[in-house]
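Values in this document were obtained by computation on a predicted structure and should not be read as measured data.
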Amino acid sequence: MHMKRRLAAAGVALGVAAAATGAAYTAQADPAGPSASTEPVTWTVDGLTAADVAELETLGFDVAAEHGGEAQIIGDETVADDLRALGHSPEFHDTVYKELGATSQQDGTYYGGYRTVDAIETHLQDVADANPSLTRLHDIGDSWLKTQNDGGHDIYAICVTAIADGDCEQDPDSAKPRFSLIAQIHAREIATGEIALRWIDKLVAGYGTDAEVTDLLDTTEVWVVPVVNPDGVDVVSSGGDDPVLQRKNVNDSAGNCGSSAGIDLNRNSSFEWGGDSSNPCAETYQGASGASEPETQAVEDWLRALHPDQRGEGQDDPAPDDARDVFLTLHSYGEYIIVPWGFTSDAAPNDAALRALGADMAESNGYFVGTNDDTVGYSTSGTTDDMAYGELGVASFTFEVGPDFGNCGGFFPAFSCVEDTLWPENEGAIMTAAQAAAAPYAG
């Protein structure tokens, strides 16, 4: 079985689970149901404590979502048998791969039309070349493979604004307030990169014809990194119509994890790092140290170059009411708008203002607004949104795009869902975030 099925994770979990329980067993597939296939599916396991979820992650299970004692775990029937051996009762929840329908798939695309990293890079360059008065394209760092001289990619950010002298420079003392957005820090969250590209295209196409876009670009710099984790996206797209469930980057230096190698870039930030998994084979492996990964370093250095430091060093120091700038990171899935903090259940010092702006955004997409505790139900350390808010005072939010079920749900929604559902429901919410960049805490 090649890497696109990521079934090595099941083998890791099986071996460790057997050792942990002191019992060996033979997995028996049920030939009758959908779970008899080696196709990965999503299983629901309920009645879990936080310690149970942490144990499952330590054992190498791919815990895709968790809330209120119920977890969604990805894998085939072998994974379900591993869970049963640990005393759990997994139930089939949904397919991972969706019905693609009729597509007009082009070169440089996969899974019905999602763009590869090379195609995304070409698109960004084309946009920059065609719109010199509105855009500047910046190389902000390297992927892990590129640092190893083994292929890889540059990481690109594009700035979009009506360019005047001094605009679109990587300098926090900018004349205009800034809105920054990143996507695909988790490679398998494929709809997020496409939404980021549609946001860029909306801006360059609308300037001078769309009053809302024109006003935004006359007053605000908009910065977008469509793909933070390009090596990981290469792995995802290598599966074609069966994309690989690659979440992390591809740094395999921490141990023999097979296709489960890599570091979770959204647990690797230098801010409040160290509370997530130390197991190199876990999907939430935080890395050897904060900001150990070149992709993390690139994004953090870029954020520091864009946004002035507006908050004190204490956890309870608020950003002032006149602080500027908004940062948004796109993830999948759950239909949430998440506000800091992620690393603690304590309220952020600007909690009320963050929730208020989140509610304004939710008027467009209908997503539920809250902290990690309110939404996904678990804490996260070393995340990019906590870093942007915690270190710099930028009003920061995570969008969990799409539902957890159905053809437009999960990590691999059908490509038609991007244009028909996921982009339209988030277009207004992203615009609201960008329009708030001058005074996000003013209310």
Between Ser143 and Asn249, a side-chain donor and acceptor under 3.5 Å = no

inquiry  = Side chains of Ser381 and Asp276: any donor to acceptor distance under 3.5 Å?
reply    = yes

message = As an exercise, state the distance from CD1 of Ile73 to OG1 of Thr42, rounded to the nearest 0.5 Å.
response = 10.0 Å

ask   = Of the options Arg188, Arg247, Gln72, which is the one that meets Asp62 in a side chain to side chain donor-acceptor pair (under 3.5 Å)?
value = Arg188

inquiry  = Do Ser253 and Asn251 pair up side chain to side chain, a donor and an acceptor below 3.5 Å, judged on atom types alone?
reply    = yes

query = Cut-off 3.5 Å, side chains only: do Thr371 and Asp373 have a donor facing an acceptor?
reply = no

task = Mind checking the CG-CG spacing from Asp325 to Leu392? Nearest 0.5 Å is all I need.
result = 9.0 Å

Reference residue Ile338; test side-chain contact (heavy atoms from CB on, under 4.5 Å); the match among Thr329, Thr383, Asn372 = Asn372

query = Between the side chains of Tyr367 and Glu425, is a donor N or O closer than 3.5 angstrom to an acceptor N or O?
reply = yes

query = Which one of Glu121, Glu295, Lys146 satisfies the side chain to side chain donor-acceptor pair (under 3.5 Å) criterion with His153?
reply = Glu121

ask   = Is there side-chain contact between Phe411 and Ile74, with heavy atoms separated by less than 4.5 Å?
value = yes

task = Indicate yes or no: at least one non-hydrogen side-chain atom of Asp264 is less than 4.5 angstrom from one of Tyr285.
result = no

query = Which atom names give the shortest non-hydrogen contact between Val96 and Tyr111, and what distance separates them?
reply = O-OH, 4.2 Å

Check: His138 ring centre within less than 6.0 Å of Trp302 ring centre = no

task = With rounding to the nearest 0.5 Å, note down the distance linking CD in Glu283 to CZ in Phe61.
result = 12.5 Å

request  = For Asn426 and Asn365, test the side chains for any donor-to-acceptor distance below 3.5 angstrom and give the result as yes or no.
outcome  = yes

key: Donor-acceptor pair between Tyr441 and Gln310 side chains, under 3.5 angstrom   = no

ask   = Between Glu272 and Gln315, is any side-chain donor less than 3.5 angstrom from a side-chain acceptor?
value = no

query = What distance do Glu194 atom CD and Leu422 atom CG have between them, rounded to the nearest 0.5 Å?
reply = 11.0 Å

ask   = Side-chain donor-acceptor pair under 3.5 Å between Glu300 and Ser269, yes or no?
value = yes

request  = Taking all heavy atoms of Trp144 and all of Glu293, pick out the closest pair and write down the distance.
outcome  = CD1-OE1, 4.0 Å

Leu203 CG to Leu134 CG distance, which is reported to the nearest 0.5 Å = 9.0 Å

query = Measuring from Glu221:CD to Phe179:CZ, what's the distance to the nearest 0.5 Å?
reply = 13.5 Å

task = Output all residues satisfying side-chain contact (heavy atoms from CB on, under 4.5 Å) with Glu363, sequence neighbours left out; order by chain, then residue number.
result = Asp360

key: Closest contact, heavy atoms only, Ala183 versus Thr192   = CB-O, 3.4 Å

ask   = With no hydrogens and no angle check, do the side chains of Asn131 and Tyr207 hold a donor and an acceptor under 3.5 Å apart?
value = no

ask   = Donor-acceptor pair, Asn268 side chain versus Ser292 backbone, under 3.5 Å?
value = yes

